[in-house]
Colleague: 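Structure incoming, see below.
Atoms within each ligand, like the ligands themselves, are counted from 1 in listed order.
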Amino acid sequence: MNQNLLILGGTSEAVALAKAVAEMNIATTISLAGRVMQPRPQPVPMRVGGFGGAPGLAEWLRAHAISHVIDATHPFAAQISANAVTACDQADVPLLALTRPAWTPVAGDSWTHVADIRDAATALCQPALRVMLAIGRMHLGQFAINPQHFYLLRLVDTPDAALPLPRTDVIVDRGPFSEAGDRDLLMKHDIQLVVAKNAGGDATYSKITAARSLGLRVLMIDRPAIPARPEVHDIAAALDWIVHSGTDRGV
Ligand SMILES: NC(=O)c1ccc[n+]([C@@H]2O[C@H](COP(=O)([O-])OP(=O)(O)OC[C@H]3O[C@@H](n4cnc5c(N)ncnc54)[C@H](OP(=O)(O)O)[C@@H]3O)[C@@H](O)[C@H]2O)c1
């Protein structure tokens with residue numbers, strides 16, 4: 001069958017996959033949520049914006065005669081991933097997730113695990129600290145219950161509105177970052193605690209290794225639950241799935 005692939009993107013893995021399928025001349029569209037003001041150039045045609053929940057995505061798949069969907073979104077993008085499971089089921093389109101394995105602590109790490117962002121904010125109900133809050137822009141408001149801390153924020157875009165936190169330094173940058181650079185950053189700002197999502201992958205791991213080398217504590221936000229779906233961790237396996245899977249389910 002002729003493939004007509006939809007990649008749910010927003011990650012470096014999605015870009016790498018799009019590059020690989022473009023080289024194989026597989027018809028592909030990559031979809032972005034539209035959170036970033038200037039997304040990186042994409043190697044395949046791009047659409048931007050929500051689909052309108054699982055029903056909207058199912059309708060979009062049918063309308064565009066999509067033959068395969070690869071969910072290469074961030075592991076914390078739980079809503080779109082759940083929608084993809086439901087929509088692909090409704091539209092009878094095979095779905096694969098391309099995910100990064102979660103980080104696991106190694107010797108020298110000092111992690112406290114929390115279940116979600118709300119629990120991370122609650123865990124910061126303590127006397128003032130200097131915190132690197134590496135969770136992106138969307139959920140900063142949840143930390144407003146703890147305005148006593150200094151927060152070092154690293155964001156993809158310059159904030160276009162006042163931040164909900166009174167004491168911040170904002171660094172506008174996008175990964176990949178280096179351990180040496182992140183160690184300098186943590187030292188320069190006298191950071192005592194790093195708050196991170198367990199994103200997995202290499203691009204943002206440097207803050208974790210930098211924290212380890214400086215003996216800093218990490219408040220690690222565990223991943224949200226996502227409904228079961230076939231899953232691979234590397235581009236080669238995803239390409240193999242596109243080439244060898246038809247409309248029957250699974251990998
Ligand atoms: N969450 C993170 O920490 C994080 C970090 C880096 C990159 N990202 C990327 O940023 C995007 C948004 O993340 P999120 O956590 O806000 O997602 P989310 O909570 O799972 O999704 C919220 C809604 O945004 C829309 N959406 C999300 N991803 C989309 C995509 N790739 N294409 C079209 N619509 C999409 C969907 O709207 P409709 O229901 O209307 O379809 C979805 O219901 C994702 O693509 C993700 O890969 C997220």
Colleague: Going by the atom numbers of ligand 1, which of them fall below 4.0 Å from some non-hydrogen atom of N83?
Modeller: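 Under 4.0 Å from N83, ligand 1 has these atoms: 39 (O), 43 (O).
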
Colleague: Tell me whether R167 forms a cation-pi arrangement with F150, defined as NZ or CZ under 6.0 Å from the six-membered ring centre and within 45 degrees of its axis.
Modeller: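 Judged by the rule, R167 and F150 form no cation-pi pair.
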
Colleague: For atom 39 (O) of ligand 1, grab the closest protein heavy atom and report residue, atom and distance to one decimal in Å.
Modeller: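 Nearest protein contact, heavy atoms only, for atom 39 (O) of ligand 1 is G53 N, 3.0 Å.
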
Colleague: Is it true that S206 and S178 share a donor-acceptor pair across their side chains at a distance under 3.5 Å?
Modeller: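 No, no side-chain donor-acceptor contact under 3.5 Å.
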
Colleague: Is G49 in contact with ligand 1, taking contact as a heavy-atom separation below 4.0 Å?
Modeller: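 Per 4.0 Å heavy-atom rule, G49 contacts ligand 1.
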
Colleague: I need the nearest protein heavy-atom contact for atom 13 (O) of ligand 1: residue, atom name and distance, please.
Modeller: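 For atom 13 (O) of ligand 1, the nearest protein heavy atom comes out as A77 CB, 3.8 Å.
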
Colleague: Under 4.0 Å, heavy atoms only, figure out whether ligand 1 is touched by the backbone of Q79, its side chain, both or neither.
Modeller: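 Both backbone and side chain.
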
Colleague: Kindly identify the option in G50, S12, P55 whose heavy atom sits closest to atom 25 (C) of ligand 1.
Modeller: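 Among G50, S12, P55, the closest heavy atom to atom 25 (C) of ligand 1 comes from G50.
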
Colleague: Below 3.5 angstrom, do we get any N/O pair linking G9 and ligand 1?
Modeller: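 Indeed, backbone or side chain, G9 has an N or O that close.
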
Colleague: Closest non-hydrogen protein atom to atom 41 (O) of ligand 1, residue and atom name please, with distance?
Modeller: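 Looking only at protein heavy atoms, the one closest to atom 41 (O) of ligand 1 is F51 N, 2.6 Å.
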
Colleague: Can you check which of I135, I80, V36 brings a heavy atom nearest to atom 36 (C) of ligand 1?
Modeller: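 The option holding the nearest heavy atom is I80.
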
Colleague: Can you pull out the closest protein heavy atom to atom 30 (C) of ligand 1? Residue, atom name and distance to 0.1 Å, please.
Modeller: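 Of the protein heavy atoms, A33 N, 3.6 Å lies nearest.
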
Colleague: Could you tell me whether a side-chain N or O of R137 sits under 3.5 Å from a main-chain N or O of R35, the two making a donor and an acceptor?
Modeller: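 Pair found, side chain donor or acceptor close to backbone of R35.
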
Colleague: Between V48 and ligand 1, which part of the residue brings a heavy atom under 4.0 Å of the ligand: side chain, backbone, both or neither?
Modeller: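 Near ligand 1, V48 shows nothing, with every heavy atom at 4.0 Å or more.
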
Colleague: Under 4.0 Å from a heavy atom of L32: which atoms of ligand 1 are those, numbered in the order shown and with their elements?
Modeller: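 Once the distances to L32 are compared, the set is 30 (C), 31 (N), 32 (N), 33 (C).
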
Colleague: Do any heavy atoms of L57 fall under 4.0 Å from ligand 1?
Modeller: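 No, L57 has no heavy atom closer than 4.0 Å to ligand 1.
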
Colleague: Should the ring pair F76 and H74 be called parallel, tilted or perpendicular, given that the plane angle runs from 0 to 90° and is split at 30 and 60?
Modeller: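 F76 and H74: tilted rings.
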
Colleague: If we set the cut-off at 4.0 Å for heavy atoms, which region of A78 has an atom near ligand 1: side chain, backbone, both, or neither?
Modeller: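 The answer is the backbone.
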
Colleague: Any chance the side chains of Q3 and S67 put a donor and an acceptor closer than 3.5 Å?
Modeller: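 Absent: no donor and acceptor within the cut-off.
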
Colleague: Tell me: protein heavy atom nearest atom 9 (C) of ligand 1, and distance?
Modeller: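 Checking every protein heavy atom, the shortest distance to atom 9 (C) of ligand 1 gives G10 O, 3.7 Å.
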
Colleague: Output yes when the distance from some N or O of ligand 1 to some N or O of S31 is under 3.5 Å, and no in every other case.
Modeller: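 Between S31 and ligand 1, an N or O pair is found under 3.5 Å apart.
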
Colleague: Can you confirm if the NZ or CZ of R47 lies within 45° of the ring axis of W60 and under 6.0 Å from the centre of its six-membered ring?
Modeller: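 Geometry flag: set, cation within 6.0 Å and 45°.
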
Colleague: Check for a donor-acceptor pair, side chain of D182 on one end and backbone N or O of K207 on the other, with a separation under 3.5 Å.
Modeller: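 Answer holds: yes.
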
Colleague: Please confirm whether R174 makes a cation-pi placement over F177, using NZ or CZ under 6.0 Å from the six-membered ring centre and within 45° of the ring normal.
Modeller: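 The answer is no, since R174 fails at least one limit relative to F177.
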
Colleague: Among side-chain atoms of H68 and S245, is any donor-acceptor pair under 3.5 angstrom?
Modeller: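 Note: H68 and S245 side chains meet the donor-acceptor criterion.
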
Colleague: Tell me, please: is G52 in heavy-atom contact with ligand 1, that is, under 4.0 Å?
Modeller: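 G52: in contact with ligand 1 (<4.0 Å).
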
Colleague: Counting heavy atoms only, which of R35, H74, M138 comes nearest to atom 2 (C) of ligand 1?
Modeller: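 It is H74 whose heavy atom sits nearest to atom 2 (C) of ligand 1.
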
Colleague: Name the closest protein heavy atom to atom 3 (O) of ligand 1, giving the residue it belongs to and the distance to 0.1 Å.
Modeller: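 Here the closest protein heavy atom is K197 NZ, 2.6 Å.
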
Colleague: Mind checking whether P94 and W241 have side chains closer than 4.5 Å, heavy atoms only?
Modeller: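 Of all side-chain heavy-atom pairs linking W241 with P94, at least one is under 4.5 Å.
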
Colleague: Using a 4.0 Å heavy-atom cut-off, which part of R47 comes near ligand 1: side chain, backbone, both, or neither?
Modeller: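 The answer is the side chain of R47.
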
Colleague: Only one of D119, N198, D222 clears side chain to side chain donor-acceptor pair (under 3.5 Å) with H113; which?
Modeller: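 Answer after filtering D119, N198, D222: D222.
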
Colleague: Check the hydrophobic clustering (I, L, V, M, F, W, Y; side-chain heavy atoms under 4.5 Å; chains of links allowed) and say if L219 and L216 are grouped together.
Modeller: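 Hydrophobic grouping puts L219 apart from L216.
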
